[in-house]
Amino acid sequence: MKLPVDQLIRPDILAMKAYPVAAAEGFIKLDAMENPWRLSQDLLVELGRQLAEAHINRYPDPSGGGLKEMLRVAAGIPGNADILLGNGSDEVITLITQALARPGATVMALEPSFVMYKLNAVFSRVNYVGVPLNHDFTLNLPVLLDAIAKNQPAVLFLAYPNNPTGNRYSRDDVLAVIEASPGLVVIDEAYGPFSDDSLMDLAGSVDNLIVMRTLSKVGLAGIRLGYAAGQPKWIAELDKVRPPYNINVLTQITARFALTHSGVFEEQAAALRRERSHLAEALAAYPGVRVYPSEANFLTIRLPEADLLYAWLKSRRILIKNLGGMHPMLENCLRFTVGSPDENRAVIAALDEYFR
Ligand code: PMP
C-alpha cells in the first residue's frame, strides 16, 4: 500500500499555493520588472559564437569561472568582501535562510516586501516576523527597532529599494537598523541599478552586513544570476550550503559576455530611469491615482477600484501586476514595470481611454 501524497507532503506545504506566474503570451509584459530590450543583433551573434564553444558535457566551474572578479569590478564590491553566486538572488535568499535556520531562529522582514523572504522562512521551518511599514510605505524606524530588540532576528532581509512599493528608505535609517541588529542584515539591492544609493561600499567592513544583487533587472532575467557580498567568514559558511554547480555553463558564459559589454546595460538602466519619470508624471495626472515614489524599474500606484483598471489593461493586452490580495496594505494597488518608450506609450493610451 502506497501512502497518498497528502500523508507524505508536509501539511504546511499542502496548504500553500505555488508562486503565481501569469501567462503573458501576446501581452505587453509589464508584470515582472524585466528589462524590455533584447541584446542587439551584433551582440547576439557574438554571444551565440561563444555559447557554441561551451563544454556542456562538463559540469560548470564551481567557483564561477572568473565571474566573481568581473562582478567585483562592475558592482564596486570592496576588496575585503567575498562573493557568493546564486541561481538568481532567489537562491541566495534560500542559502542564507538555510544556513541560519537553527531551531527557534527568527527571520525578519518588512511588510509589504518581497514574498520570498517569508516563504523561505516557512520552507526552512524557522519563525517569521513581518514588521509593517507605514501606510505610505515609508519605514517606521521605532517600530522596526522595537521588533528587532524583542525578537532578536538571526537575519533581517531589507529590500533597498523595496519591492513591491518602489521606495528606498533613508540610508541613515538603514544604518541604524544594521547597528541595532544582533544578527545578519541582508540588504537586497535587486533594484540597485535604478536607485540613487547603495550600501555595497560597506560590504566587507560592516560585520553583520551582506549586500545582495542580481543581473535579472538589468536585462538578464533569463540566465538567473544573483550574488551576495560580505565578510569572508559569512560567505565561507553560506558557500557550504550552496549546490556546487549552481551556476550553469551557459549562464557563466553569458554573464561574462554581458559584463564585458556592461555599458549597454548601464545605458538601458539610465533610459529606464528617464522613462520612469515620464510614466510617473503621466500616471499622477489621472483622477484618484496616487503614485508612490520609486527608485526601482517599476511604479506602484493606488486608486479606487484598481481591479477594474487591471482588467481593462488586460483586455488591451497589457499585463501589469495587481497587488491587491497580496497584503492588506496593498489593497487597490497596481504595479507597472517601466517598459520601453513604445510600451509605456501603449500603457498611457490605454489609460487615457479608461479615464475618458
Ligand atoms: N529581491 C527582490 C527585492 C526582488 O524583487 C526579486 C525579484 N522580483 C528578487 C530578489 C529575485 O530576483 P532574481 O532571483 O531574479 O535574482
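Whatever order the structure lists them in is the order used to number ligands and atoms, beginning at 1.
- The closest approach between Gly226 and ligand 1 stays at or above 4.0 Å for every heavy atom of the residue.
- Nearest protein neighbour of atom 12 (O) of ligand 1, counting heavy atoms only, is Ser89 OG, 3.3 Å.
- Residue Gly86 comes nearest to Val92 through the heavy atom pair CA-CG2, 3.8 Å, listed as atom of the first residue, atom of the second, then distance.
- Taking the charged nitrogens against the carboxylate oxygens, Asp31 and Lys29 do have a contact shorter than 4.0 Å, which makes a salt bridge.
- Ion pair Arg72/Glu69 not flagged as a salt bridge, since none of the NZ, NE, NH1 or NH2 atoms sits closer than 4.0 Å to an Asp/Glu carboxylate oxygen.
- Shortest contact from atom 1 (N) of ligand 1 to any protein heavy atom: Asp188 OD2, 2.5 Å.
- In summary, the atoms of ligand 1 found under 4.0 Å from a heavy atom of Gly88, numbered by their order in the structure, are 14 (O), 16 (O).
- Here the protein heavy atom with the shortest distance to atom 14 (O) of ligand 1 is Arg224 NH2, 2.8 Å.
- Near Ala190, meaning under 4.0 Å from one of its heavy atoms, ligand 1 places the atoms 1 (N), 2 (C).
- Under a cut-off of 6.0 angstrom, the local environment of CG in Leu8 is crowded, with over 12 non-hydrogen atoms contributed by other residues, nucleotides or ligands.
- Residue pairs meeting the ring pair (Phe, Tyr, Trp, His ring centres under 6.0 Å) criterion with at least one member in residues 11-58: none, sequence neighbours excluded.
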Derivation and outcome, side chain to side chain donor-acceptor pair (under 3.5 Å), residues Arg316 and Tyr354:
CA-CA 10 Å; Arg316 294 293 179 275; Tyr354 179 82; over 6 Å; no
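- Considering only non-hydrogen atoms, atom 5 (O) of ligand 1 lies nearest to Tyr191 out of Tyr160, Phe157, Tyr191, Phe114.
- Polar contact with ligand 1: absent for Tyr117 (N/O pair, distance under 3.5 Å).
- Counting heavy atoms under 4.0 Å from ligand 1, residue Ser216 touches it through the side chain alone.
- Of the protein's non-hydrogen atoms, Lys217 NZ, 3.0 Å is the one closest to atom 7 (C) of ligand 1.
- Geometrically, Arg335 engages Phe298 in a cation-pi contact defined by less than 6.0 Å to the ring centre and at most 45° from the axis.
- At a 4.0 Å cut-off, not a single heavy atom of Met116 sits close enough to ligand 1 to count as contact.
- Between Arg168 and Asp188, none of the side-chain N atoms (NZ, or NE/NH1/NH2) sits under 4.0 Å from a carboxylate O, so this pair counts as no salt bridge.
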